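For reference, the structure I am asking about is given below.
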2 protein chains.
Amino acid sequence: MITIADVAKKANVSNMTVSRVINNAASVSDNTRQRVLVAMEELHYVPNSIARSLISGRTNTIGLIIADMTNPFFTTMARGAEDAAHQHLHRLILCNHDDDIDKEREYIEALISARVDGMIITPASDDSAKNLQIVQRHRIPFVFVDRIVNSINADHVVGDSSTAAYDLTAHLLRQGHRNIGLISGPLNIHTARERMKGYETALREFDIEIRRELIHSLPYSLHEDKTLLGVELSIQSMFRQSPKPTAIFAFNNALAIQALHALRKAGLKSPDDVAIACFEDVDPHGLLQLEISTACQPAYTFGEQGVHMLFERIKNPDKPYETVTLQPRLTLRGASINNR
Amino acid sequence: MITIADVAKKANVSNMTVSRVINNAASVSDNTRQRVLVAMEELHYVPNSIARSLISGRTNTIGLIIADMTNPFFTTMARGAEDAAHQHLHRLILCNHDDDIDKEREYIEALISARVDGMIITPASDDSAKNLQIVQRHRIPFVFVDRIVNSINADHVVGDSSTAAYDLTAHLLRQGHRNIGLISGPLNIHTARERMKGYETALREFDIEIRRELIHSLPYSLHEDKTLLGVELSIQSMFRQSPKPTAIFAFNNALAIQALHALRKAGLKSPDDVAIACFEDVDPHGLLQLEISTACQPAYTFGEQGVHMLFERIKNPDKPYETVTLQPRLTLRGASINNR
DNA sequence: CATGTATATGTTAACGTTAACAGAAAGCGT
DNA sequence: ACGCTTTCTGTTAACGTTAACATATACATG
């Protein structure tokens with residue numbers, strides 16, 4: 001490997017002079033600077049960031065911990081984060097925890113060991129608290145995106161889940177739906193709880209009884225082998241109840257997609273037989289005109305803002321925590337039902 | 001920051017003994033080991049990977065350079081790579097070059113400086129050659145995935161683009177289509193050239209004239225502001241020709257989606273008015289039954305295999321280069337056309 | 001009991017870079 | 001010419017870890 005010493009030897013100067021040229025620090029004569037630059041060029045010298053990091057204590061690296069980069073919501077968020085990190089001349093280390101706190105801990109420990117300058121975290125669940133305490137203990141700045149953990153104080157960028165869930169539910173209610181099946185995420189995840197609140201608030205406001213048998217909690221994750229059967233069983237179970245649901249509200253895109261499949265399999269058509277509402281976009285390119293009502297969160301902004309907040313935090317570790325709540329974009333579809 | 005020295009002091013041993021416990025090397029008495037472990041625990045010691053890397057020359061990090069993680073094809077590939085890297089106890093640094101060789105070079109230089117143990121690269125275009133020479137010069141092992149650059153020898157995992165393009169084209173021809181509009185990618189990208197070959201071979205075999213006015217080359221990228229208008233103009237132009245195309249073949253999912261939009265805007269229905277074929281899945285969840293014929297590449301495997309090959313290469317830098325060609329999964333749809 | 005061998009621990013230097021200080025040379029005012 | 005500042009370059013030590021070597025103790029062998 002070519003080191004500063006090789007360059008120094010070739011240019012007939014000391015290591016320090018080369019270092020000064022690299023960091024174009026003050027007071028190197030033009031003559032010397034040229035000689036050094038030529039030597040660097042000829043040897044194809046590239047500074048060793050590792051050695052630099054060891055001294056500076058900074059790695060120009062941030063960790064991004066998300067649930068699953070295969071989900072377009074997280075992908076878009078990650079892209080926003082990557083672009084922002086790039087602007088700050090930082091690189092992104094990507095980690096998928098699949099909503100599994102053990103995997104999350106593994107990654108967190110690896111990132112601490114790698115001495116990342118900060119982390120952007122979508123926590124796996126409320127049980128992530130002890131993982132996050134490890135991060136705090138090491139004074140590594142981090143920002144929550146999409147999800148928070150109540151017991152942990154930190155900057156965060158989240159969507160207004162409860163309001164959007166309320167709006168979607170109210171929309172369905174206004175269309176005349178009185179029995180709305182709920183495919184929720186795990187209730188130890190903040191967003192699922194918030195969305196549940198919105199759903200319940202809307203029902204109460206419309207004086208509709210909350211029917212527990214129409215509420216099913218399932219993993220958010222898209223991994224079909226695990227979830228598909230779950231959603232299918234849930235849908236089947238809901239449609240064995242009486243009265244049957246006339247609408248389904250799924251708490252994210254993955255669950256909505258599984259629900260759509262299950263409904264099709266059960267011979268039910270959307271929107272004719274069942275109205276559907278969900279969080280996130282199921283058809284980002286607008287190809288299928290599915291007539292689904294959605295609350296689409298600005299995922300790119302989540303990632304982008306999260307990174308900017310992280311750098312603010314790094315710059316000023318002691319400032320009060322900041323909270324950014326972004327409004328999901330609502331797309332309300334479907335028509336009133338005629339007394340089925 | 002807690003260092004090995006702090007632990008050593010607390011446990012009343014030398015740094016070296018702590019180091020031995022961490023790496024559970026031989027010959028540390030049970031008594032001492034326990035004392036050290038307790039001290040580590042109490043101080044929440046986490047080894048500094050940076051310092052380790054400086055000595056070992058390895059960073060347990062690999063760089064993944066792709067076009068755009070927002071495209072589900074690359075996302076899935078990246079996920080495959082991440083899972084495989086995780087298995088090898090390595091972390092992934094993610095880079096999007098957006099098919100821009102300058103951005104690609106920037107990332108490559110950053111990754112070299114970061115002393116990644118290897119790279120997985122989808123090159124931006126044939127012009128990437130000089131970027132890749134930089135990587136080679138630094139003896140950093142790398143593997144091509146999805147795309148290759150002819151002038152650069154390296155391990156690679158690619159799809160059989162020419163055969164699949166031939167198959168899709170032949171399928172359209174067998175259905176009676178005689179004027180097939182082509183929305184190609186940039187011809188300085190290997191996959192686009194291969195797909196073009198497949199298309200031309202099929203036409204020649206069926207003795208159909210190749211009509212250059214039905215062939216348009218556009219950026220692969222999904223960034224709508226740039227591409228959308230391009231595809232729309234191309235479609236409009238094709239349909240001003242005589243005879244008009246009765247089928248469109250797009251070289252990737254992003255282009256197919258733009259083409260669909262353009263066709264809709266032009267009041268044309270698929271598959272009734274125009275048959276569509278493309279590479280990659282446009283509707284991965286099978287929600288819309290678009291009647292599009294697709295050649296879907298095993299993206300996850302691209303990433304997974306790529307990483308495994310990379311580690312083989314790292315283990316054995318001098319072995320002959322390996323080539324893996326995976327067959328896209330064909331889904332042929334649509335019916336014969338009745339002499340329009 | 002002297003010798004050899006295994007086991008346990010410590011010391012030193014090195015990885016590649018830069019911060020902090022030191023020194024040399026050059027320029028300048030009087 | 002003298003001292004003083006400015007400009008340029010070099011030396012040393014440090015970042016946190018580990019490889020390589022050194023030392024010390026215990027234990028077995030004839």
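None of the values given here were measured: they were computed from a predicted structure. Residue numbers begin at 1 in each chain, while the letters A, B, ... track the order of the sequences.
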Exercise. Pairs in or reaching into residues 79-135 of chain A: which pass ring-ring contact (aromatic ring centres under 6.0 Å, His included), with residues at least two apart or in two chains?
Worked result: His86(A)-Tyr107(B), His88(A)-His308(A), His88(A)-Phe311(A), His90(A)-Phe311(A), Tyr107(A)-His86(B)

Exercise. Does any residue of residues 3-10 of chain B have a heavy atom under 4.0 Å from DNA chain D, and if so, which ones, in number order?
Worked result: Thr3(B), Ile4(B)

Problem set entry | Contact list for DNA chain C against residues 13-21 of chain B - heavy-atom distance below 4.0 Å | Val13(B), Ser14(B), Met16(B), Thr17(B), Arg20(B)

What pairs of donor and acceptor atoms, side-chain ones from residues 118-129 of chain A against any protein atom, are under 3.5 angstrom apart with sequence neighbours left out?
residue	atom	partner	partner atom	Å
Thr122(A)	OG1	Val145(A)	O	3.0
Ser125(A)	OG	Asp127(A)	N	3.1
Asp126(A)	OD2	Arg193(A)	NH1	2.6
Asp126(A)	OD2	Arg193(A)	NH2	3.3
Ser128(A)	OG	Glu104(A)	OE1	2.7
Ser128(A)	OG	Glu104(A)	OE2	3.2
Ser128(A)	OG	Ala124(A)	N	3.1
Ser128(A)	OG	Ser125(A)	N	3.1
Ser128(A)	OG	Ser125(A)	O	2.9

For this session: Using atom CD of Gln34(B) as one end and atom C1' of dA8(C) as the other, report the distance to the nearest whole Å.
Result: 16 Å

Exercise. How far does the helix from dC1(C)-dG30(D) to dT30(C)-dA1(D) bend, going by the axes of its first and last five pairs, to the nearest 10°?
Worked result: 50°

Exercise. So, the side chain of His190(A) versus the backbone of Asn188(A): is there a donor-acceptor pair under 3.5 Å, distance only?
Worked result: no

Exercise. Considering all heavy atoms of both residues, which atom of Ile22(A) and which atom of Pro47(A) are nearest to each other, and what is their separation?
Worked result: CG2-CG, 4.3 Å

Seminar exercise, completed: For Arg147(B), the salt bridge (Lys or Arg N to Asp or Glu O under 4.0 Å) test, sequence neighbours excluded, returns Asp99(B)

Exercise. Can you list every salt bridge (charged side-chain N to carboxylate O under 4.0 Å, His left out) pair that touches residues 9-35 of chain A, not counting sequence neighbours?
Worked result: Lys10(A)-Glu42(A)

Problem set entry | Stretch residues 106-115 of chain B: residues that reach within less than 4.0 Å of DNA chain D through a heavy atom | none

Exercise. When you check the side-chain N and O atoms of Tyr300(B) and Thr70(A), is any donor under 3.5 Å from an acceptor?
Worked result: no

Problem set entry | Flag, side chain of Ser49(A) to backbone of Ser113(B), donor-acceptor distance under 3.5 Å | yes

Exercise. Do Ser19(B) side-chain atoms and Thr17(B) backbone N/O form a donor-acceptor pair below 3.5 Å?
Worked result: no

For this session: May I have all residue pairs that pass ring-ring contact (aromatic ring centres under 6.0 Å, His included) and include part of residues 28-74 of chain A, sequence neighbours excluded?
Result: Phe73(A)-Phe302(A)

Exercise. When you measure from the side chain of Thr59(A) to the backbone N and O of Arg115(A), does any donor-acceptor pair fall under 3.5 Å?
Worked result: yes

Problem set entry | Any residue of residues 37-46 of chain A with a heavy atom less than 4.0 Å from an atom of DNA chain D | none

Problem set entry | Donor-acceptor pair, side chain of Asp83(B) and main chain of Gly80(B), under 3.5 angstrom | no

Problem set entry | Main-chain N/O of Asp100(A) paired to Asp98(A) side chain as donor or acceptor, under 3.5 Å | no

For this session: Have a look at Val18(B) and tell me which of Val36(B), Leu37(B), Asn23(B) forms a side-chain contact (heavy atoms from CB on, under 4.5 Å) with it.
Result: Val36(B)

For this session: Strictly below 4.0 Å, heavy-atom distances to any atom of DNA chain D: list the hits from residues 47-59 of chain A, or just say none.
Result: Leu54(A), Ile55(A)

Exercise. Do side-chain atoms of Asp117(B) reach the backbone of Asn60(B) as a donor and acceptor pair under 3.5 angstrom?
Worked result: yes

Problem set entry | Separation of dT7(C) P from Asn31(B) CG (nearest whole Å) | 18 Å

Problem set entry | Check: Val116(B) main-chain N/O paired with Thr61(B) side-chain donor or acceptor under 3.5 Å | no

For this session: Verify the distance criterion only: is there a donor paired with an acceptor across the side chains of Ser56(B) and Ser53(B) at less than 3.5 Å?
Result: no

For this session: Please examine the side chains of Thr323(B) and Asp155(B), heavy atoms only from C-beta on, and report whether any two atoms are closer than 4.5 Å.
Result: no

For this session: Keeping the roles fixed (side chain from Thr76(B), backbone from Pro72(B)), state whether a donor-acceptor pair exists under 3.5 Å.
Result: yes

Problem set entry | Outermost nucleotides of DNA chain D that come under 4.0 Å of a non-hydrogen atom of chain A | dC8(D) to dG16(D)

Exercise. For Ile101(B), does its backbone N or O pair with a side-chain atom of Asn131(B) as donor and acceptor, under 3.5 Å?
Worked result: yes

